[in-house]
Every structure is written in C-alpha cells, then in structure tokens.
Number of protein chains: 2
Amino acid sequence: MGQIDLRVVKTKEALHIALLTLLKNKPLEAISISEICRIAKVNRGTFYLHYAQVGDLFEEYFKEIMDDLATSYHEPYRYVAKLNPRELNPSTIRIFHHVEKYKDYYRIILSKNVPLTYYYLLLEEVKNLLTGNLEKDYRKEGEIDLKWQASYAANAILGLIIQWYQDDFEQKANYLNEQLVKILRLT
Amino acid sequence: MGQIDLRVVKTKEALHIALLTLLKNKPLEAISISEICRIAKVNRGTFYLHYAQVGDLFEEYFKEIMDDLATSYHEPYRYVAKLNPRELNPSTIRIFHHVEKYKDYYRIILSKNVPLTYYYLLLEEVKNLLTGNLEKDYRKEGEIDLKWQASYAANAILGLIIQWYQDDFEQKANYLNEQLVKILRLT
DNA sequence: ACTTTTATTGTACAACTGTTCATTAAATTT
DNA sequence: AAATTTAATGAACAGTTGTACAATAAAAGT
C-alpha cells in the first residue's frame, strides 16, 4: 500500500544529491543530464523517466523555498498587511529575511542564464501572499482590478530583491526593510 | 576604409533572416544553431565566429526594441516625469504603447523558457528612463538611495507588463495607462 | 591589376541530447 | 514464498554542440 515505489524514491534522492553536489562548482545551466546521472550512478534513461530537463529536478527544491517564503510571510506577524502600498505593514517585509536565509538559491534563481520560469513562480507566490491580505477589502475598493494592483506591488518588491541580488546581497535584510518603508512612505 | 568587411555584413544578414523565419514557427529556445545555419546557408563554424548562442543573435533585435522604447518614452511628452510614484506623469505611460507595438517580440522576451537576460536588459532600460527624470531632484530627496527607488518603480511597471503578457495582451494600451494611474493615485 | 588580409568553408572529433526497446531486477501483491 | 508488476538498465541511433585546423575564396589595400 506504499504510495510510491521505493525504487523511485531512491533514484530521485540520488539525483537530488548529485545536483546539489554539482551546483557547488558550476552554474545550473552548465550542468548536463549526463553529468548528474554519472554522479548519481543512475542510468540516463531513468532520468528521463522522471524529468525532462535539469531544471525540472531543480524545481523540486524550489517548491520547498516557496513553502518557506509563505510561512516566513505569515508566521511572525498575525495582523494583516494591506496591498495598498501606503498602508503595507512590516509583515510584508519578512520576505527579505527569507531571501537572506536562502540567498544561495536566489543567486541561482536570479542568475541571467536561467529561464524565467522560476522568476514567474516566485512572482506568483508573492502575488498570492499579497492578495491573500487584500481579498477582504477587495469589494470595497472595487474599481481597480485586484490583478493589476497585485502584479504591480508584487513585482515592485521583486525589483528590490533583484537590486539586492545584483549587489550580491551585501546589505542586511533590515536595510531592505528600511528602504521599502521609505519608498512606501514617500508616496 | 569601410569599417566592416562586407562578408560579415552578408552572413549576419543571412543569419538574422533565418532566425526571423524560424521564429514564426517555433519558440526561441527550440531553435538550434544548426537549423539557423542550414537555412541561412552559412557554415556552422561561421556562426560561432560571430555569436556564441542563438540568444546572442536575438539580442541584436533586442537592442533595436530598446531604442524604440527610449524614444517612445521621451518623444511624445517633453515635460519631466518624476520617479516619485504619486507624481509620475503620463509620459511614463508611453511604455505601454511601445510594448503593444512590439508585442510579438515581448511574447518571446517574456516567455518562460527564455533566459532572464532579456528581462534584465529591459529592466535596466526602464530604470534608466525613470532615473533620467529623477536625477534633477535627487540631491533634494537624498535620504533614499536612488537605486532602490528606481528598482522598485521600474520593476513595478514591468509587473503590469508581465500581467498584460500573461493575458496575451488582450487589453488596449490605454487600459494599462488607466490602471497605472489608478494605482498611483491610490497611494 | 596584383597582393595581402581575413572571413568563410569543410572536415573531423568527443561529448551531450532525446528517444526507443528488449532485458534485468527490484518492489509490491497475492 | 511465489507470482506479478513495473522501475531501472544497457545498448543503440540520429541529431546537436563546441572546438580546431588546414584549405579556400572573397574583400580590402596598394
């Protein structure tokens, strides 16, 4: 009655470990399927049984990161941030601490030779976090499509994260918080 | 005294035409160098003499698009937009008309399997356009790093463009203008 | 027109990709 | 414990990649 065949679990694990090992020495886009399989001691055909690209394997880590992002966002503060930028509260700002924690992964996700997929997944996640807070007073505001407002605000925050990444995360997460608060107060 | 060897001009032209032809039928990431050379009737080795990847060839179109973006942004209005979102004026909004005009290219640039490079180039361009207007009163505001403010605002606008792309550009550029104005007025 | 320069070609090579298929072996089911 | 299911393997194939080098031919310079 075991849901998944043990063999599958083992090979996936071996592939995961192999990818992590390789990522220490070279960028994601320079890692070949053959290389991963050689290290994992898994037949190359078996790789294709589970994934189509190296990226699909990486995406499985990505989901864990997105889970942490969601909990990072929700846990520390219980009160609700409004999407309306001027009234965005500090809970939103937990995002930067999460990024700091996972900066090694964000360095991969945001590197220029990697496909946009991960960026879109990240954007979607941030959008969901923001709109989760907005939905309550959605009907009040009405006139502006929630969609546009969420896309605007979520990507704005990612803009700060991109800038941070391009500075090789040299600032502290708290500095990012300050900048965001200043930008929002300015409006 | 001709700066560039005519042979180079010819082969580059042939490669450009070949890429455009292929792009009508398949996505950028599915186009191989061999395929381009076959159609262009150019030796594959010659391709590597000028470019390293298919993307480098595509990037040459990209530069033209960025030029149009800059002129689209500057030409229609002469008065200056401030970066401060609440006071952003309609000239910024010319961006959406530019995107509408080049939507076929933006569909490529923003497709999920394409590397982030183009997105970063686009972001950089929008940032430059925005900061060009801000630099004047930069010394007045002082406290907030221009960098963070520009990254925030520029990527926010790209957020709207991403949303628009994901809706397959079904709205008119003017609708995007309205949404942006509403979002900015809200703050 | 002739010479020089250099872009392009053709060929070759090792490695990777994506796919197929029969065989083997490891799990699961009874 | 035996039978059944199915994941993993190994081998093979055509195609792509990136690189190298000598031969060729097309521009540019004189």
Side-chain angles (χ1 to χ4, degrees), chain A residues 1-61 108 111-118, chain B residues 1-61 108 111-118:
Chain A
M1 228 206 168
Q3 300 274 36
I4 318 155
D5 196 310
L6 267 183
R7 290 170 291 184
V8 176
V9 178
K10 285 179 191 168
T11 54
K12 284 198 172 187
E13 201 174 286
L15 291 172
H16 274 117
I17 292 169
L19 177 56
L20 277 189
T21 307
L22 287 167
L23 276 173
K24 284 172 190 159
N25 300 316
K26 50 170 84 179
L28 185 63
E29 73 273 11
I31 297 172
S32 70
I33 293 172
S34 303
E35 215 172 356
I36 295 173
C37 294
R38 224 176 293 130
I39 292 180
K41 293 191 207 310
V42 163
N43 191 278
R44 197 164 57 86
T46 310
F47 180 96
Y48 287 105
L49 238 44
H50 300 293
Y51 310 100
Q53 314 157 354
V54 177
D56 296 340
L57 184 56
F58 180 74
E59 217 166 289
E60 296 189 343
Y61 300 111
I108 297 168
S111 68
K112 69 181 178 45
N113 291 315
V114 139
L116 266 169
T117 329
Y118 310 119
Chain B
M1 225 200 165
Q3 300 274 35
I4 318 153
D5 196 310
L6 269 181
R7 289 170 292 184
V8 176
V9 178
K10 284 179 193 168
T11 53
K12 284 199 172 188
E13 202 176 287
L15 290 171
H16 274 117
I17 293 169
L19 177 55
L20 277 189
T21 307
L22 286 167
L23 276 173
K24 285 172 190 159
N25 300 316
K26 51 170 83 178
L28 185 62
E29 73 272 11
I31 296 172
S32 70
I33 293 172
S34 303
E35 214 172 356
I36 294 172
C37 294
R38 226 176 291 130
I39 291 179
K41 294 191 205 311
V42 163
N43 190 278
R44 197 164 57 86
T46 309
F47 180 96
Y48 286 104
L49 238 43
H50 299 293
Y51 311 99
Q53 314 157 355
V54 177
D56 296 340
L57 185 56
F58 180 73
E59 218 166 288
E60 296 190 342
Y61 299 111
I108 297 168
S111 68
K112 69 182 178 43
N113 291 314
V114 139
L116 266 169
T117 328
Y118 310 119

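A, B, ... follow the sequence lines: proteins, then strands. Residue 1 opens every chain.
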- Task: Looking only at non-hydrogen atoms, find the nearest pair between A/Pro115 and B/Lys112 and report the distance.
- Result: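 Looks like CB-O, 3.5 Å.
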
- Compare every heavy atom of A/Ser111 with every heavy atom of A/Glu29, then report the nearest pair and how far apart it is. OE1-OG, 4.5 Å

Take the protein atom [atom1] of [X] and the nucleotide atom [atom2] of [N], then report the distance between them rounded to whole Å.
X       : N      : atom1 : atom2 : result
A/Ile4  : C/dT29 : CD1   : P     : 13 Å
A/Arg38 : C/dT17 : CZ    : C1'   : 13 Å
B/Leu15 : C/dA7  : CG    : P     : 15 Å
A/Ile36 : C/dC16 : CD1   : P     : 12 Å

- Task: Compare all side-chain heavy atoms of A/Lys26 with those of A/Glu35 and state whether any distance is below 4.5 angstrom.
- Result: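 Yes; the side chains approach each other to less than 4.5 Å.
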
- Hey, does A/Leu28 have a side-chain heavy atom less than 4.5 Å from the side chain of A/Leu19? yes

- Message: Has A/Tyr118 got a side-chain atom pairing as donor or acceptor with A/Ile108's backbone, closer than 3.5 angstrom?
- Response: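 Between the backbone of A/Ile108 and the side chain of A/Tyr118 there is no qualifying donor-acceptor contact (under 3.5 Å).
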
- Quick one: does B/Tyr61's side chain have a donor or acceptor within less than 3.5 Å of a partner on B/His16's backbone? yes

- Query: Does A/Ser32 place a side-chain N or O at less than 4.0 Å from the phosphate oxygens OP1/OP2 of C/dA15?
  - Reply: no

- Which letters describe nucleotides 2-14 of chain D, given B = protein heavy atom under 4.0 Å from base, S = only from sugar-phosphate, - = neither? ----BBSBB-B--

